[in-house]
Amino acid sequence: MREDWVEASLNEVFDIVTGNTPSKKEMDNYGQEIPFIKPPDIHNQPINSASEFLSKKGSKKARVLPPKSVLVT
């Protein structure tokens, strides 16, 4: 590590938020409104599309993050 760097825990630099999946038993949680990003959608580059989407109802049961959030899996 460089001498001018400071060691820090991730939670000192970022707000850590874990994900959750709205129930698949309630199909109206899913739709076309809100991108639902899952680990297979993350490829160490900006995310421009998602393989699945939530409805507005489903987004209320998920943890929706703001644009340009850093996602780690």
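Numbering starts at 1 and runs along the sequence shown. Note that these values count all heavy atoms, side chains included, but never hydrogens, waters or copies made by symmetry.
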task: Kindly compute the distance separating NZ (Lys68) from CG (Leu71), expressed to the nearest 0.5 Å.
output: 13.5 Å
Distance in Å, Tyr30 OH paired with Ser23 OG, rounded so as to fall on 0.5 Å steps: 7.0 Å
- prompt: Under a 4.5 Å cut-off applied to non-hydrogen side-chain atoms, are Ile34 and Phe53 in contact?
  reply: no
message: Test of understanding: clusters of I, L, V, M, F, W, Y form through side-chain heavy atoms closer than 4.5 Å, transitively. Do Ile16 and Leu65 belong to the same one?
response: no
field: Neighbour count >12 (heavy atoms, 6.0 Å) for atom CG, Asn20
entry: yes
- prompt: Less than 4.0 Å between a side-chain N and a carboxylate O, is that true for Lys57 and Glu33?
  reply: no
message: For the CD atom of Glu26 and the OG atom of Ser55, what is their distance to the nearest 0.5 Å?
response: 9.5 Å
- request: Quick one: closest heavy-atom pair of Ala50 and Ile37, and the distance?
  value: CB-CD1, 3.7 Å
Do any side-chain atoms of residues 40-48 form donor-acceptor pairs under 3.5 angstrom with protein atoms, and if so which ones, sequence neighbours left out?
unit_1	atom_1	unit_2	atom_2	d
Asp41	OD1	Ser51	OG	3.2
Asp41	OD2	Lys38	N	3.0
His43	NE2	Pro40	O	2.9

Heavy-atom side-chain proximity of Phe36 to Pro22 below 4.5 angstrom: yes
field: Reported CG-to-NZ distance for the pair Asn29 and Lys56, which is rounded to 0.5 angstrom
entry: 15.0 Å
- request: Taking Arg63 for its side chain and Thr18 for its backbone only, find out whether a donor-acceptor pair lies under 3.5 Å.
  value: yes
Cluster overlap Val13 with Val70, hydrophobic side-chain contacts below 4.5 Å: yes
